K.L.:
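One structure follows; several queries about it will come next.
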Protein chains: 2
Amino acid sequence: MTFDLLEAPQPELAAKTIQSALQQEKFIIVVGRCTVRYKGRATSSLDTGERLLAIKQDRALLIHRPYGYQPVNWQPPGCRFEISTDNDELRIRAIRRSPPETISVSFDQLKLIAAMALKDLAEFFLDASEEDMQRAIIARPEIVERGLRVIEYEKRVEPGFVDVYGIDQDGRLVIIEIKRKAAGREAIFQLAKYVKATSEGVGRSIRPILVAPSIAKGIQRLLQTMRVEFRKLDPKQCAKILAEVDKGEEERLSRWI
Amino acid sequence: MTFDLLEAPQPELAAKTIQSALQQEKFIIVVGRCTVRYKGRATSSLDTGERLLAIKQDRALLIHRPYGYQPVNWQPPGCRFEISTDNDELRIRAIRRSPPETISVSFDQLKLIAAMALKDLAEFFLDASEEDMQRAIIARPEIVERGLRVIEYEKRVEPGFVDVYGIDQDGRLVIIEIKRKAAGREAIFQLAKYVKATSEGVGRSIRPILVAPSIAKGIQRLLQTMRVEFRKLDPKQCAKILAEVDKGEEERLSRWI
DNA sequence: TGCTAAATCTCGAAC
DNA sequence: GTTCGAGGTTTAGCA
């Protein structure tokens, strides 16, 4: 693995290394004593102090002080860099076109420079997944509707799988489609297909329910046209419910032991 | 300077080094291949990939992927850490009390560990915030209008806070709402509310003035309808004025010494 | 502790 | 491009 590591380098060597690392799209870390200036939507200045500067592989810039969650200064991905040395100092400028913004950093003391190409293609999953939402509904059907009982889930029905089958308190068949994010028109059409496919086998009325944290704009009318009901449900809410259910399970188990 | 630097260390040595660095309140950098889990207000999972983990001197935790401005996972300052090794992997857990949140990171490959105590006591100056605009108006009310005197600011009036209260050269009460950016309709409605709330207590006419660098498109008519005056004022202009004011203060002080 | 409003908010999706 | 809405938003200032 190509891995650059410099301890307390001279500014010229530092500049060369950073230039080269930028071209190779490496992740660059610089630790040292610097001053920082920012001009753009606002302006800021930060006098001399020891900080961590990071340039990411998409050319995002972060400058972190030794404390605090947030970077003290930053530049979003895609900005242009100018690396130079002047008066025995290493200068790094990051320039953004729109809105016009510039960050200038000047290091008068360098402690560490590291540059390496990091591979990270993993997908990030936040909140409850759609599967978690399904599990929450199965565990607590009342979060969709009072009196709802779940009969089956992930049932194969020709165009695909019905997320949840249930029966409401009046004995009517309920088909639930779950979306983790704002539901669009495709979710409604999907439900309509399931209703059509299911109603052929069953001789009674079916209630299609779309469960999602929100619906996309301009979909409200389509919902009404297709006679699809919407039930707002947040992935976070589901995660919470699952945590409660798991906790209950644990307690039940511990009582058995 | 106490400076720890390990290239591709074994997990046991890594754990020891990090433990020690935590006790010495050093800034810790770990680069390697890891998976990340988060449970708390929400839940998240991130499969294996190469990332930068940073623990700051106030025990803030940041996990950065090789792209993007934001950390993929984080923990704010002050959380508790558990460092361990298990099955040849380095485990770092960061636990927050309130709200209860935990981040678990497991490194199966370590590339670099660096730990050092950074000194950074400099003050950060950000200019031209909304607060700066307010301070500039208080210091030099004439930038809004000649003859204006400021009576009060940040005054609680039921729907919120009035930015600035003043009296114009004709003795009329002035209510000022400040926006750092182009003012939208909500600013006008806000002003209207303050006028209504204030006029109930005062038996005289009130002049609502909207101070902002510009107004949003299509708001001009609403301004007239609501009888709100608009005064163009740029945040940058305010920063300049504040600099002058501060300089004046310094000179006055130095004359006293 | 809880709320409110601002942020160089960022980030993504829709238009 | 611009606008709109959400975020584990964070952060600061107060009741």
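Below, read A as the first sequence line, B as the second, and so on, with proteins coming before strands; counting in each chain starts at 1. If you're wondering where the values come from, they're calculated on a predicted model, not measured in any experiment.
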K.L.:
Nearest whole angstrom, please: distance from the P of D:dG8 to the CG of B:Leu61.
P.N.:
16 Å
K.L.:
From CE of B:Met133 over to C1' of C:dA6, roughly how many Å is that when rounded to an integer?
P.N.:
13 Å
K.L.:
Can a side chain N or O of B:Ser98 be found less than 4.0 Å away from OP1 or OP2 on C:dT1?
P.N.:
yes
K.L.:
Quickly work out the A:His64 NE2 to D:dT10 C1' distance and round it to whole Å.
P.N.:
13 Å
K.L.:
Taking the nucleotide of DNA chain C with the nearest heavy atom to each, does A:Glu101 or B:Gln70 sit closer to the 5' end?
P.N.:
A:Glu101
K.L.:
Answer yes or no for this row: A:Tyr38 ring on C:dT8 base, centroids under 5.5 Å, planes under 30°.
P.N.:
yes
K.L.:
Salt bridge (charged side-chain N to carboxylate O under 4.0 Å, His left out) with B:Arg80: which residues, sequence neighbours excluded?
P.N.:
B:Glu82
K.L.:
Can you tell me how far P of C:dA5 sits from CD of B:Gln190, to the nearest Å?
P.N.:
7 Å
K.L.:
Could you tell me the separation between the NZ atom of A:Lys232 and the C1' atom of D:dG5, rounded to a whole number of Å?
P.N.:
12 Å
K.L.:
Can you tell me how far apart CZ (B:Phe230) and NZ (B:Lys179) are? Round to the nearest 0.5 Å.
P.N.:
13.0 Å
K.L.:
How many Å lie between CG on B:Leu126 and P on C:dA7, as a whole number?
P.N.:
9 Å
K.L.:
Between the main-chain N or O of B:Phe27 and the side-chain N or O of B:Lys56, is there a donor-acceptor pair closer than 3.5 Å?
P.N.:
no
K.L.:
Between D:dC4 and D:dG8, how far apart are the P atoms? Round to whole Å, please.
P.N.:
22 Å
K.L.:
Does B:Ser199 reach the main-chain N or O of B:Lys196 with its side chain, forming a donor-acceptor pair under 3.5 Å?
P.N.:
yes
K.L.:
Counting distance alone, no hydrogens or angles: does the base of D:dG8 have a donor or acceptor under 3.5 Å from a partner atom on the side chain of B:Gln75?
P.N.:
yes
K.L.:
So, are A:Arg231 and A:Glu145 salt-bridged, with charged N and O less than 4.0 Å apart?
P.N.:
no
K.L.:
Please determine, for the side chain of A:Asn73, which listed nucleotide (D:dG8, D:dT11, C:dT8) has the closest atom?
P.N.:
C:dT8
K.L.:
Once you round it to whole Å, what is the distance between C1' of D:dG8 and CZ of B:Arg97?
P.N.:
19 Å
K.L.:
When the C1' atoms of D:dC14 and C:dT8 are considered, how many whole Å apart are they?
P.N.:
25 Å
K.L.:
Categorize B:Ile178 for me: base, sugar-phosphate, or nothing, with a 4.0 angstrom heavy-atom threshold over every strand shown.
P.N.:
nothing
K.L.:
Between atom CZ in A:Arg185 and atom C1' in C:dA14, what is the gap in whole Å?
P.N.:
12 Å
K.L.:
Choose from C:dT8, C:dC11, D:dG8 the nucleotide whose nearest atom is closest to any side-chain atom of B:Ala42.
P.N.:
D:dG8
K.L.:
Between C:dA6 and B:Lys179, is there an OP1 or OP2 to side-chain N/O distance shorter than 4.0 Å?
P.N.:
yes
K.L.:
So, does A:Trp74 get its side chain near the phosphate of C:dT10, meaning an N or O under 4.0 Å from OP1 or OP2?
P.N.:
yes
K.L.:
For C:dA6, take OP1 and OP2 only and decide whether either is under 4.0 Å from a side-chain N or O of A:Arg41.
P.N.:
no
